[in-house]
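Here is the structure we will look at, set down as structure tokens.
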2 protein chains.
Amino acid sequence: MPPKVKTDAEKQTVRIAIMDAARELFIHQGVEAVTMRAVAQRVGYSATSLYLYFSDKEQLLRAVVDADVIKLAQALKSTLSISDPQQRFVQFGQHYVQFALTNPNHYRMMMMTQHPPCDPAFSSIEQNNPEQDAYSQLIGVVTSAWHAGVFKPTLTDPALIAQTVWAAMHGLCALQINLADDAWINWRPLESRMQAMLEMCLHGLMKESPHA
Amino acid sequence: MPPKVKTDAEKQTVRIAIMDAARELFIHQGVEAVTMRAVAQRVGYSATSLYLYFSDKEQLLRAVVDADVIKLAQALKSTLSISDPQQRFVQFGQHYVQFALTNPNHYRMMMMTQHPPCDPAFSSIEQNNPEQDAYSQLIGVVTSAWHAGVFKPTLTDPALIAQTVWAAMHGLCALQINLADDAWINWRPLESRMQAMLEMCLHGLMKESPHA
DNA sequence: GTGTTAAGTTAACGATGTTATCTTTATAAA
DNA sequence: TTTATAAAGATAACATCGTTAACTTAACAC
């Protein structure tokens, strides 16, 4: 029974309801639980109606994750106001890891699964807007620390530094998310690994012996 | 037309043929191309016959990947004979990255997708056998370097060192495999990132300024 | 009133993993 | 030699999934 003629705002409301339902399934039961039928049931629609709001499942998932990419940027934003460049750098990294490990399914979706490569032109996220783009935040944090002269003099490319430390932190998160329960590995406590990784990065990049 | 009664060796041959067909699809067209029907057609059987040799798709894939886990250990084995502990450490890391990036689909399967956690008791891989278990190789390499005193004195736990450097290298590989084509990131050349990561690890872990 | 169309639904298609059931044939027992 | 058994495989079929096509219903425009 279609009560007809929805304003754009109402449409947006439905869109968001669908995304919320998908997110709920996604977070608590992983990607494979997100079937169009399950989402539809949760939101009280028929499965095919979702296609009135999203062109396909991929786009629905992408919309869900995009919203949380922005949440990542928001989560990191608070560290940007730290005045000491090195402390800012450290805190930024720690917040990144914390976000990843408290939102493992989203992190997995963002960083650990293959999508069709994302074209910034068609993304809902505004590239280079520090409110939304965590990578540009990282570049900013590293660049300002670089200008402050905290890095070893042999390191001359802030983007390369950023990509290296990102990779290191990502590796920590990715192994934890995927292999933490693997009985093959006698894992050291997560806290120890975080600390060790952070210190390796600092000693490996900073000019003088830093304190994490 | 079943010509009946296969010896164990013949059965094994079929098993391997199935695995080879699956691997072929897997390597060249990714996981999603590996359907039971596609594998069956490639090997000249009906889809349901694969279930006479593998209990389900997951086990088939696992068997394929397990075989290549051993290949990883083989690929790393050559570095174990390097006499200088630090050089051995460096070469081990470089070979690891090289294996990951020349076998991205297998690496993705091994390290970047969620399986049911792997129980060593039921694995076809012999844990702690350096011929088959790359992680135990890593522990060995790090431990011997540690005994040789190449690490900073604050680093007292070889396993923690190993897990940290593994995470760092894994991060490099994982981002490359998943996000190399992402237009969002202005990636530095892979070679530069490898070099930078290696140097960060060395400076971050080694006692005195090392040369990569 | 009468179309028109937006907002939904139901039916259905093709693909997939998987199970149940049938077919065939080589061998073991009579 | 005949016959029962079981191995090796194929066909048919089921449930589930993403997705499309076709149908229904109700609010508005004239």
Side-chain angles (χ1 to χ4, degrees), chain A residues 1-26 28-65 105 109 113-116, chain B residues 1-26 28-65 105 109 113-116:
Chain A
M1 9 17 214
K4 197 56 171 303
V5 167
K6 266 174 170 151
T7 91
D8 279 4
E10 286 169 324
K11 279 188 190 175
Q12 193 59 20
T13 303
V14 175
R15 248 184 89 91
I16 289 176
I18 294 173
M19 286 170 57
D20 286 345
R23 193 194 332 269
E24 198 70 13
L25 291 168
F26 180 55
H28 292 102
Q29 308 174 33
V31 222
E32 72 280 0
V34 184
T35 76
M36 297 303 261
R37 285 169 172 87
V39 173
Q41 180 174 12
R42 214 163 204 291
V43 79
Y45 278 141
S46 87
T48 55
S49 292
L50 305 195
Y51 291 85
L52 302 175
Y53 296 90
F54 296 91
S55 68
D56 58 16
K57 187 185 177 184
E58 168 72 23
Q59 287 236 349
L60 168 56
L61 266 299
R62 168 104 76 173
V64 169
V65 172
N105 279 321
M109 182 71 112
T113 58
Q114 46 188 354
H115 336 256
Chain B
M1 8 28 208
K4 198 58 170 306
V5 167
K6 268 178 169 148
T7 91
D8 280 2
E10 286 169 324
K11 279 189 190 176
Q12 193 60 19
T13 303
V14 176
R15 249 184 88 91
I16 289 177
I18 294 173
M19 286 171 57
D20 285 345
R23 195 197 327 271
E24 198 70 15
L25 291 168
F26 180 55
H28 292 102
Q29 301 163 228
V31 222
E32 72 280 0
V34 184
T35 77
M36 297 303 260
R37 285 168 172 87
V39 174
Q41 179 173 11
R42 215 161 201 293
V43 80
Y45 278 142
S46 87
T48 55
S49 291
L50 304 194
Y51 291 85
L52 302 175
Y53 297 90
F54 296 92
S55 67
D56 57 16
K57 187 184 176 183
E58 167 74 22
Q59 287 235 351
L60 167 56
L61 265 301
R62 168 105 75 173
V64 169
V65 172
N105 280 320
M109 182 74 111
T113 57
Q114 46 188 354
H115 336 259

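Throughout, protein chains are lettered first and strands after them, A, B, ... in sequence-line order, and every chain is numbered starting at 1.
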When the distance from CZ of B:Arg62 to C1' of C:dG17 is rounded to whole Å, what number comes out? 18 Å
Please confirm whether the shortest side-chain N or O distance from B:Ser49 to OP1 or OP2 of D:dG9 is below 4.0 Å. no
Provide, to the nearest angstrom, the distance between the CG atom belonging to B:Asp8 and the P atom belonging to D:dA8. 9 Å
Rounding to 0.5 Å, atoms CG (B:Leu50) and OG1 (B:Thr35) come to a distance of 9.5 Å
B:Tyr45 side chain near D:dA8 phosphate (N/O to OP1/OP2, under 4.0 Å): no
So CE of B:Met19 and CD1 of B:Ile16: to nearest 0.5 Å the spacing works out to 7.0 Å
Heavy atom of residues 15-26 of chain B under 4.0 Å from DNA chain C: which residues? none
Decide side-chain contact (heavy atoms from CB on, under 4.5 Å) for A:Thr7 and A:Glu10; before the verdict, give the C-alpha distance in whole Å, the side-chain angles of both, and the deciding distance to 0.1 Å. CA-CA 5 Å; A:Thr7 91; A:Glu10 286 169 324; 3.2 Å; yes
Please state how far atom CG in A:Leu52 lies from atom C1' in C:dA6, giving the value in whole angstrom units. 9 Å
Pairwise distance OG(B:Ser46) to CZ(B:Arg37) - rounded to 0.5 angstrom: 10.0 Å
Where do N or O atoms of nucleotides 14-21 of chain D meet protein N or O atoms at under 3.5 Å, pair by pair?
residue: D:dG18; atom: OP1; partner: A:Lys57; partner atom: NZ; Å: 2.8
residue: D:dG18; atom: OP2; partner: A:Met36; partner atom: N; Å: 2.9
residue: D:dG18; atom: N7; partner: A:Arg37; partner atom: NH1; Å: 2.7
residue: D:dG18; atom: O6; partner: A:Arg37; partner atom: NH2; Å: 3.1
residue: D:dT19; atom: OP2; partner: A:Tyr51; partner atom: OH; Å: 2.9
residue: D:dT19; atom: OP2; partner: A:Lys57; partner atom: N; Å: 2.9
residue: D:dT19; atom: O5'; partner: A:Tyr51; partner atom: OH; Å: 3.4

Just do the side-chain contact (heavy atoms from CB on, under 4.5 Å) check on B:Ile18 and B:Val39 with the steps written out, would you? CA-CA 7 Å; B:Ile18 294 173; B:Val39 174; 4.0 Å; yes
Using a 4.0 Å heavy-atom cut-off, does B:Phe54 contact any base of the nucleic acid, only the sugar-phosphate backbone, or nothing at all? nothing
Find the distance between CZ (B:Arg42) and CZ (B:Arg23) and round it off to the nearest 0.5 Å. 12.0 Å
Tell me the interatomic distance from B:Leu50, atom CG, to D:dA10, atom P, rounded to whole angstroms. 9 Å
How many Å lie between NZ on B:Lys11 and C1' on D:dG9, as a whole number? 13 Å
A:Gln41 side, atom CD; A:Leu25 side, atom CG - distance, nearest 0.5 Å: 9.5 Å
Which atom names give the shortest non-hydrogen contact between A:Ala63 and A:Arg15, and what distance separates them? CB-NH2, 4.3 Å
Expected list for residues 51-61 of chain B: side-chain donor-acceptor pairs under 3.5 angstrom, two or more places apart:
residue: B:Asp56; atom: OD1; partner: B:Glu58; partner atom: N; Å: 3.4
residue: B:Asp56; atom: OD1; partner: B:Gln59; partner atom: N; Å: 3.0
residue: B:Lys57; atom: NZ; partner: B:Val34; partner atom: O; Å: 2.9

